[in-house]
Every structure is written in structure tokens, then in C-alpha cells.
There are 2 protein chains.
Amino acid sequence: MASSKREHVLTCARELFESEGFHATGVDRILEKAGVAKMTLYNNFGSKDLLIVEVLNQSSHNMMEKIRGFAAEAGNDPYDQILAIFRALGEWYQDPQFCGCMFQAAVAEFPNHDSEPAKAALEHHKRLTAVFLELCTNAKLSEPDKLSRELALLASGATCVARQAKNRLPADDALSIAEILLERASK
Amino acid sequence: MASSKREHVLTCARELFESEGFHATGVDRILEKAGVAKMTLYNNFGSKDLLIVEVLNQSSHNMMEKIRGFAAEAGNDPYDQILAIFRALGEWYQDPQFCGCMFQAAVAEFPNHDSEPAKAALEHHKRLTAVFLELCTNAKLSEPDKLSRELALLASGATCVARQAKNRLPADDALSIAEILLERASK
DNA sequence: GGTAGAATAGACCGACCTGTCCACTTGTTC
DNA sequence: GAACAAGTGGACAGGTCGGTCTATTCTACC
């Protein structure tokens with residue numbers, strides 16, 4: 001029961017932070033949505049700031065698992081796996097619940113470079129780049145470091161644009177650029 | 001005097017919104033920085049929300065002028081002009097005062113798609129894309145619509161990544177991708 | 001030099017915020 | 001059934017928020 005309440009609060013907080021922002025979401029709104037007493041939140045997380053960090057870390061973990069899942073579903077060819085990730089982005093953008101990437105929102109709302117949310121966002125981007133690096137290396141593509149940075153940039157850029165446009169077009173554009181980059185790196 | 005005060009408040013507000021965020025910046029902080037009475041702000045702008053919209057519109061206008069300026073400095077070749085914009089991004093990211101793009105922050109802090117700040121951010125991205133479209137068309141590049149969207153995506157993505165990493169590397173990566181796309185489109 | 005409009009300082013309001021405290025209930029385990 | 005941890009609900013504190021109001025001073029212009 002203890003951990004299930006904790007998970008439930010975490011989930012509700014994530015949904016509210018995603019759809020309304022970190023500062024705009026009050027603690028009371030989270031309690032109301034989770035149907036939980038205030039002390040449950042403060043006993044489990046200590047403060048709103050710590051809850052935010054926890055939400056970010058959990059979300060990063062979930063997202064990386066999903067991304068690895070999409071890659072795995074695409075078969076054994078790392079080349080296909082990379083492209084599958086961009087196709088999955090397009091699906092994500094079309095989800096009616098999609099409202100942008102939490103981590104882009106986190107750096108925007110916590111601009112101080114030393115703040116924990118900003119650090120968590122940077123770590124997340126490093127993890128994303130690392131996945132691309134792994135796939136690029138497996139595919140024996142040339143200049144894997146640079147290529148993985150570029151792929152991560154494309155993914156971030158597409159998500160950033162999609163937050164405004166709310167359609168899959170940015171993902172398709174990013175995909176077609178990725179194809180060009182992969183083709184060149186595989187020669 | 002009347003309009004100079006107004007401009008001064010606008011500038012101070014922009015700097016604070018950029019460096020600390022929209023919600024995190026209280027009206028009193030703006031007044032303190034601008035050295036201005038509260039009624040001066042409310043007589044000129046009506047509310048904090050309207051001030052935010054005004055700041056965004058003014059910033060968009062300034063940024064578009066700067067971007068057109070960078071392009072103009074690069075000479076008459078639209079191909080060079082496009083690349084000059086990406087080089088300018090690198091300079092921007094190295095500015096110690098750089099703390100990301102206001103418009104990316106605005107959509108993050110005002111996720112409601114119908115909110116005025118979100119609309120302003122969308123308009124800004126459309127204007128950026130339009131500049132690229134103009135340059136691509138002038139350069140007689142193939143598929144100018146798609147290409148301009150892709151260039152805007154690269155610029156947004158680089159700025160998004162640079163907000164976390166705080167160096168010019170994302171701009172260089174975006175530039176090298178842009179070169180590849182332009183090369184292909186000019187055949 | 002008098003007048004109108006702009007700007008000032010600062011008190012003030014109600015709403016909302018995070019976070020604390022406490023008396024009480026629930027569920028589990030021995 | 002006793003003991004114990006976890007959760008509950010609600011009152012409460014202290015602070016900040018955006019915004020209003022008023023009385024006063026400054027400034028520019030006819």
C-alpha cells in the first residue's frame with residue numbers, strides 16, 4: 001500500500017506537470033487528483049521540489065525504456081532501429097495527450113543551470129544521445145559520436161516544434177533528415 | 001518620457017523573463033529592476049499577462065530583424081545567407097547571457113494551446129520558417145517548403161539543446177546538417 | 001506661471017502558495 | 001487483541017502573488 005500510494009502520486013503529478021507546467025501546478029491540485037492527504041505527499045517526497053526531481057527521474061527512465069523498446073521491435077538491424085525511433089516520435093506527437101517533452105519544459109521553468117531539474121534534463125539528453133551512440137556504433141557507422149549528437153538534436157528539435165504545431169510533420173521531417181545522415185555515414 | 005518608460009519596462013521585463021522564467025518573475029521584481037512605480041506598469045500594459053504578450057511580440061520582431069541582418073551581411077548569395085544564420089546561432093549560444101529561446105520557454109510555461117503566449121510562439125516559428133523559405137526560393141533550391149521547415153527544425157533543435165549544454169556545438173552540428181541538405185537541394 | 005497628464009511611493013486587498021501540525025482512523029502483523 | 005506504521009482530513013501559519021487605490025510630486029507645454 002505504501003509504495004502504491006507513492007507511485008500513484010508520482011503518476012498524477014507527472015500528468016499535471018506535463019499538461020499545466022511545474023509552477024502552475026499547485027500541491028493541492030496534485031492531492032486532489034491523486035485523492036490523497038497532504039501528509040502522504042510530504043512524508044513520501046519531502047517537498048514539491050523533490051517531488052519534481054523524482055517525477056523527472058522516473059519519466060526519464062520510462063522514456064528510455066520505451067525508446068529501447070521501439071528499437072527492439074524494429075528487428076536486429078541498428079539502422080532500422082534508429083529510424084524506428086523517429087517513427088515512434090511521430091506517433092507520440094499525434095497522441096491527443098501529447099504536450100511536449102517534460103525535460104524541455106523543465107529547463108524552461110528552472111533556468112538556473114545548477115538547479116536539480118536542469119541537471120535532470122541534461123542527464124536525460126545525455127542518455128538519449130548515448131542510446132543513439134550505441135546504435136550507431138553497432139551499425140558500424142562512421143563518426144558515431146558526431147552522428148549520435150546530430151540524431152539527438154533532430155529528435156529534440158522535432159519534439160520542440162511539435163509542441164507548437166501538434167502534428168506528426170516535424171517527426172517526418174526529422175526522419176527524412178536522419179535517413180540522409182545515416183545513408184552518408186554508412187558509405 | 002512616456003514611451004521611454006514603457007520601452008524601459010519592456011526591456012527589463014524581457015531580461016528577467018529570459019533569465020528566470022515567466023511565472024518565477026514577479027511583478028515586483030520587474031518594478032525594482034526598472035526603477036518604476038507599480039502604476040506605471042499597470043497603466044502602460046494593463047496586466048502581467050498582457051505585458052508578457054507585449055514582450056514576446058517585441059522580441060520576435062527584434063530577433064527577425066537580427067536574423068535578416070545576419071543574412072544581409074553574408075552577401076548576395078542566399079546559400080551563404082542561410083549558412084550565416086546558423087553561424088550566428090553559434091555566436092548567440094556562446095553569449096554568457098544566453099539562456100535559451102524565449103518562445104520555447106513560453107510554450108513550456110503556457111501549455112494551453114489557446115493562450116496568447118503560445119500563439120505568439122507559434123507565430124514566431126512561422127516567421128522564422130518564412131525567412132528560410134524566402135531564402136530557399138531565392139536560391140532556387142528544390143522543394144523549398146520542405147527544406148525551409150527542416151532548416152527551422154534544425155535551428156529550433158540546436159537552440160533547444162544549447163539551452164542545456166551552453167556551448168556552440170549544437171549550432172555547429174546543425175550547420176553541418178544544413179550544409180548537407182542545401183547541397184542535395186541545389187543539384 | 002498655471003495647468004494637465006504622467007509618474008511616484010506605499011498601503012492595502014483577497015487569493016493562493018508551500019509547508020506544518022495534530023487528533024483520528026485504517027490495515028497489517030505478531 | 002495489542003502494537004505499530006501509514007494514511008486521513010482539516011485547520012493553520014507565514015509568505016508571495018497580481019492587482020487596486022490614493023495622495024503626492026514631477027514635468028512639459030501653452
I need the [atom1]-[atom2] distance between [X] and [N], as an integer number of Å.
| X | N | atom1 | atom2 | answer |
| --- | --- | --- | --- | --- |
| A:L41 | D:dG10 | CG | C1' | 16 Å |
| B:I30 | D:dT16 | CD1 | C1' | 15 Å |
| B:I52 | D:dG18 | CD1 | P | 9 Å |
| B:H8 | C:dT8 | NE2 | P | 11 Å |
| A:E20 | C:dC16 | CD | P | 14 Å |
| B:K5 | C:dA6 | NZ | P | 14 Å |
| A:L31 | D:dG7 | CG | P | 13 Å |
| A:R29 | C:dC16 | CZ | P | 13 Å |

| said: With a 4.0 Å cutoff (strictly under), does any side-chain N or O of B:K38 reach OP1 or OP2 of D:dG18? | reply: no
| request: State whether A:T40 places a side-chain N or O below 4.0 Å from either non-bridging phosphate oxygen (OP1 or OP2) of D:dA6. | output: no
Can you figure out which of [options] approaches the side chain of [X] most closely?
| X | options | answer |
| --- | --- | --- |
| A:M39 | C:dG19, C:dT18, C:dT20 | C:dT20 |
| B:K48 | C:dT18, C:dA7, D:dG18 | D:dG18 |
| B:N44 | C:dT18, C:dA7, D:dT20 | C:dA7 |

| field | B:H23 ring center within less than 6.0 Å of B:F110 ring center | value | yes
| request: Output yes when B:R168 and B:D172 qualify as a salt bridge under the 4.0 Å nitrogen-oxygen rule, no when they do not. | output: yes
| task | Remember a base hit wins even if backbone is also touched, and classify A:N43 as base, sugar-phosphate or nothing at under 4.0 Å, heavy atoms. | result | nothing
| said: Regarding A:G46, tell me which of base, sugar-phosphate or nothing describes its non-hydrogen contacts under 4.0 Å with the strands shown. | reply: nothing
| Any side-chain heavy-atom pair of A:H124 and A:M64 under 4.5 Å | yes
| said: Within the 4.5 Å heavy-atom criterion, are B:V27 and B:K38 side-chain neighbours or not? | reply: yes
| task | Find out if a path of hydrophobic residues (ILVMFWY) with successive side-chain heavy-atom gaps under 4.5 Å connects A:F132 to B:L169. | result | no
